[in-house]
Amino acid sequence: MNKIEKITSLAKRRGFIFQSSEIYGGISGVYDYGSLGVELKNNIKRLWWKNIVGTRENVVGLDAAIVMPPKVWVASGHLEHFVDPLRECKKCRKRFRSDDLKSKKKCPECGGLLGRERTFNILVETHLGPVKDTANLAYLRGETAQGIFVNFENVRDSMRQKIPFGIAQIGKAFRNEITPGNFIFRLREFEQMELEYFIEPGSQKKWFDHWKRERMDWYLSLGIARESLRFYKHKKNELAHYADMCEDIEYKFPWGWGELEGIASRRDYDLKQHSQISGKDLSYFDEKKNKKYIPFVIEPSAGVDRLALVLLLDSYHEEEVKGQKRVVMRFDKELAPVKVAVLPLLRNKKELTKKAREVYQMLSDQFLIIYDEAGSIGRRYRRQDEIGTPYCVTIDFESLEDQAVTVRDRDSMGQERIGIKELVVFLGDRLKRN
Ligand code: GAP
C-alpha cells in the first residue's frame with residue numbers, strides 16, 4: 001500500500017473520514033467526517049480562528065450564507081472566468097481537465113478518441129422557491145470570500161473598523177470539479193478558512209509579504225515539517241482574474257507538490273465590481289489621510305480539508321517496537337482528536353473499572369477523552385497511538401493503594417506515575433501549546 005492508501009484506510013477504519021452516502025455507492029468528490037474526523041476538523045478551525053481573529057484587534061469574524069444570487073457571481077467575475085477547460089472521450093464519455101491530459105491525444109481510461117477542448121463553469125447551481133425557473137436561480141458559493149465582500153460595509157460600519165482591518169470566515173464552498181480526486185485533496189464540497197484583509201491602495205506588497213510570513217509561521221507552529229512546505233509564485237498567466245500577485249503555500253504530497261493555501265493580492269477588484277453592479281458605493285473615507293478610496297485586499301485562503309489531509313499524511317509514522325510494527329499519528333497535541341485515554345488494567349476486576357470510571361468522570365470535564373477496557377493493555381496503547389491520542393492513563397492494582405496512575409506518553413512511550421489529584425494539572429500543562 002502507498003501512503004495515501006494507508007491514510008485512506010486508516011481514516012475509514014478509525015472513524016476520521018468516510019465516502020459520503022457510501023451505502024448508495026458514494027458520490028464523487030464528497031466525503032463525510034466521522035467522530036474523530038470532526039474533532040480534528042474542529043481543532044483545525046478553532047486554531048485558525050484563534051490565530052486570525054482571536055489574537056488580532058483589527059480582524060473580526062463573519063458567517064455568511066452559502067446560497068447567493070447570480071448577480072454576486074456576475075460581479076465577482078466567476079460566471080465568466082471560473083471555468084475549467086475540459087475534453088470529453090467520444091467512446092466512454094468521461095471528461096478530463098485539459099491540464100491533467102497535458103498533450104495526450106487518447107482517453108487515459110479507455111484509449112478512445114478525445115473531443116475538442118470546451119470550457120465548463122464549475123459554479124454549482126441551485127433553485128430556491130417552488131418554481132424551478134431562471135428567476136429562482138441561485139449559486140452555492142464557489143469561494144467564501146464573496147460573502148465577505150458583499151458584507152464589507154455592514155461589518156466595517158457595525159464593528160467601527162478602520163483600514164487596515166480584516167474580515168475572516170470559515171465555511172463551505174462548492175465547485176463542480178471535473179476530476180475530483182486524491183482522497184480529500186480535490187473535492188466538490190469543501191471548507192475554506194478565508195481572511196480578506198482590507199488595506200490602503202499602494203501598500204499591497206508590504207501586506208502581501210506580511211501575510212506570507214504569518215501564514216507560513218502558522219503551519220510550522222502546527223508541527224508540519226519545514227522541508228515539506230514551500231512557496232510557489234504564480235506566473236502572470238496563472239493568476240486568477242482578480243489578482244495582481246499570488247503565492248501558494250504548497251505541501252509535498254505523495255504525488256508531488258500541491259496547493260495548501262493561496263495568498264493573493266486581489267487589488268480593489270471585488271469591491272469595485274460590487275459597487276458598480278449593486279449600485280452601492282463601497283468606498284472608504286480614510287480620516288487620517290483625508291481621502292476616499294476603494295480598499296485593496298490581501299487574501300490568505302486555506303482549505304480545511306486540504307489541511308486535514310496534510311496533517312493525516314504528515315503525522316503518520318510507522319515504527320518498529322520490540323519487533324512489532326507500531327503506527328502512530330504524531331498530531332500536535334492541540335490538534336489531536338482525543339487528548340487522553342483512560343484504561344483500567346483489567347476489565348473483569350470491578351475495583352479497577354470503578355476507579356477508572358471515577359478518573360474518567362474527573363477528566364471528561366476538562367478534555368476530550370476515551371474510556372477503553374477491551375483487550376490487552378499493549379493493544380489498547382496501539383489503538384490510541386493509531387488515532388494520535390497524546391496520553392494514556394492506566395489504572396492498576398497499585399492505584400487502589402497509592403491513589404496514583406501511570407501516564408504514558410504517545411511519542412516517547414515513556415511512563416510516569418502521577419497522583420490522581422494532580423492529574424488534571426499535569427495533563428493540562430502538557431496539552432498546552434509550547
Ligand atoms: N478565495 C480564493 C480561493 O478560493 P483557491 O486557490 O481557489 O482560492 C483556496 O482556493 C483554497 O481552498 C485552496 O488553497 C485549497 O486549500 C482550498 N480548495 C480550493 N479548491 C478546493 C477543492 N476542490 N477541494 C478542496 N479544497 C479546495
Side-chain angles (χ1 to χ4, degrees), residues 17 20 27-31 33 41 44-45 48 62 64 66 68 72-73 75-78 81-84 97 99-100 120-124 139-150 166-197 208 211-212 215-216 218-219 222 224 229-234 238-251 253 257-267 269-271 273 297-313:
I17 299 163
S20 185
I27 170 165
S28 179
V30 186
Y31 283 86
Y33 283 77
K41 215 154 80 129
I44 290 173
K45 293 190 275 186
W48 184 88
L62 178 73
I66 287 171
M68 301 180 93
V72 170
W73 304 103
S76 71
H78 283 77
H81 298 287
F82 211 34
V83 289
D84 268 345
R97 282 163 65 114
D99 347 344
D100 294 341
F120 169 79
N121 192 292
I122 61 175
L123 280 178
V124 176
Y139 290 92
L140 305 187
R141 62 187 178 198
E143 58 169 4
T144 62
Q146 294 306 323
I148 297 180
F149 294 127
V150 299
I167 305 178
Q169 177 168 222
I170 300 177
K172 292 262 182 170
F174 298 79
R175 294 182 190 176
N176 201 358
E177 298 280 3
I178 301 162
T179 47
N182 281 332
F183 191 28
I184 54 168
F185 180 81
R186 193 183 289 146
L187 298 169
R188 288 179 168 149
E189 173 178 340
F190 56 98
E191 247 178 313
Q192 290 186 313
M193 307 183 282
E194 299 202 297
L195 166 68
E196 306 304 320
Y197 196 73
F208 185 71
W211 282 108
K212 268 178 58 187
R215 298 304 301 139
M216 181 59 94
W218 187 69
Y219 288 113
L222 302 182
I224 302 172
L229 293 168
R230 72 170 189 192
F231 282 109
Y232 172 77
K233 188 172 172 182
H234 285 218
E238 293 170 331
L239 288 171
H241 59 279
Y242 47 71
D244 65 351
M245 283 185 283
C246 184
E247 290 199 30
D248 292 339
I249 295 182
E250 291 191 330
Y251 179 77
F253 289 96
W257 291 96
E259 178 182 345
L260 169 58
E261 164 160 349
I263 299 151
S265 162
R266 290 180 81 130
R267 304 170 290 147
Y269 181 88
D270 300 88
L271 290 184
Q273 285 288 105
V297 173
I298 301 297
E299 174 197 67
S301 169
V304 179
D305 314 83
R306 287 265 168 104
L307 181 50
L309 178 59
V310 164
L311 293 170
L312 288 169
L313 287 164

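Note that ligands are numbered from 1 as they come in the structure, with each ligand's atoms numbered from 1 the same way. This one's a predicted model, so the numbers in the text were calculated from it and none came from an experiment.
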Would you tabulate the polar-atom pairs, meaning N/O of ligand 1 against N/O of the protein, with distances under 3.5 Å, reported to 0.1 Å?
unit_1: ligand 1; atom_1: 1 (N); unit_2: Glu143; atom_2: OE1; d: 2.5
unit_1: ligand 1; atom_1: 1 (N); unit_2: Glu194; atom_2: OE2; d: 2.5
unit_1: ligand 1; atom_1: 1 (N); unit_2: Arg266; atom_2: NH1; d: 3.4
unit_1: ligand 1; atom_1: 1 (N); unit_2: Glu299; atom_2: OE1; d: 3.3
unit_1: ligand 1; atom_1: 1 (N); unit_2: Glu299; atom_2: OE2; d: 2.9
unit_1: ligand 1; atom_1: 4 (O); unit_2: Arg175; atom_2: NH2; d: 2.9
unit_1: ligand 1; atom_1: 4 (O); unit_2: Gln192; atom_2: NE2; d: 3.0
unit_1: ligand 1; atom_1: 6 (O); unit_2: Glu259; atom_2: OE2; d: 2.8
unit_1: ligand 1; atom_1: 7 (O); unit_2: Arg175; atom_2: NH1; d: 2.8
unit_1: ligand 1; atom_1: 7 (O); unit_2: Arg175; atom_2: NH2; d: 3.1
unit_1: ligand 1; atom_1: 10 (O); unit_2: Gln192; atom_2: NE2; d: 3.4
unit_1: ligand 1; atom_1: 12 (O); unit_2: Gln192; atom_2: NE2; d: 3.3
unit_1: ligand 1; atom_1: 14 (O); unit_2: Glu259; atom_2: OE2; d: 2.6
unit_1: ligand 1; atom_1: 14 (O); unit_2: Leu260; atom_2: O; d: 3.4
unit_1: ligand 1; atom_1: 16 (O); unit_2: Leu260; atom_2: O; d: 2.8
unit_1: ligand 1; atom_1: 16 (O); unit_2: Gly303; atom_2: N; d: 3.0
unit_1: ligand 1; atom_1: 20 (N); unit_2: Arg175; atom_2: NH1; d: 3.3
unit_1: ligand 1; atom_1: 23 (N); unit_2: Glu177; atom_2: OE2; d: 2.9
unit_1: ligand 1; atom_1: 23 (N); unit_2: Leu187; atom_2: N; d: 3.4
unit_1: ligand 1; atom_1: 23 (N); unit_2: Leu187; atom_2: O; d: 2.8
unit_1: ligand 1; atom_1: 24 (N); unit_2: Phe185; atom_2: O; d: 3.4
unit_1: ligand 1; atom_1: 24 (N); unit_2: Leu187; atom_2: N; d: 2.8

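- Checking Asp305 against Tyr33 by side-chain atom types alone, a donor-acceptor pair falls below 3.5 Å.
- By the side chain to side chain contact (heavy atoms under 4.5 Å, CB included) test, Val72 is found to be paired with Met68, Pro69, Gln146, Val150, His274, residues two or more places apart in sequence or in another chain being considered.
- Among residues two or more places apart in sequence or in another chain, the side chain to side chain contact (heavy atoms under 4.5 Å, CB included) test is passed with Glu259 by Asp248, Arg306.
- In this structure a side-chain-to-backbone donor-acceptor pair under 3.5 Å is missing from Arg97 to Ile178.
- Applying the side chain to side chain contact (heavy atoms under 4.5 Å, CB included) test to Ala302 and every residue at least two apart in sequence or in another chain returns Met193, Arg215, Tyr219, Glu261.
- Panel note: side chain Arg175, backbone Gly142; a donor-acceptor pair is recorded below 3.5 Å.
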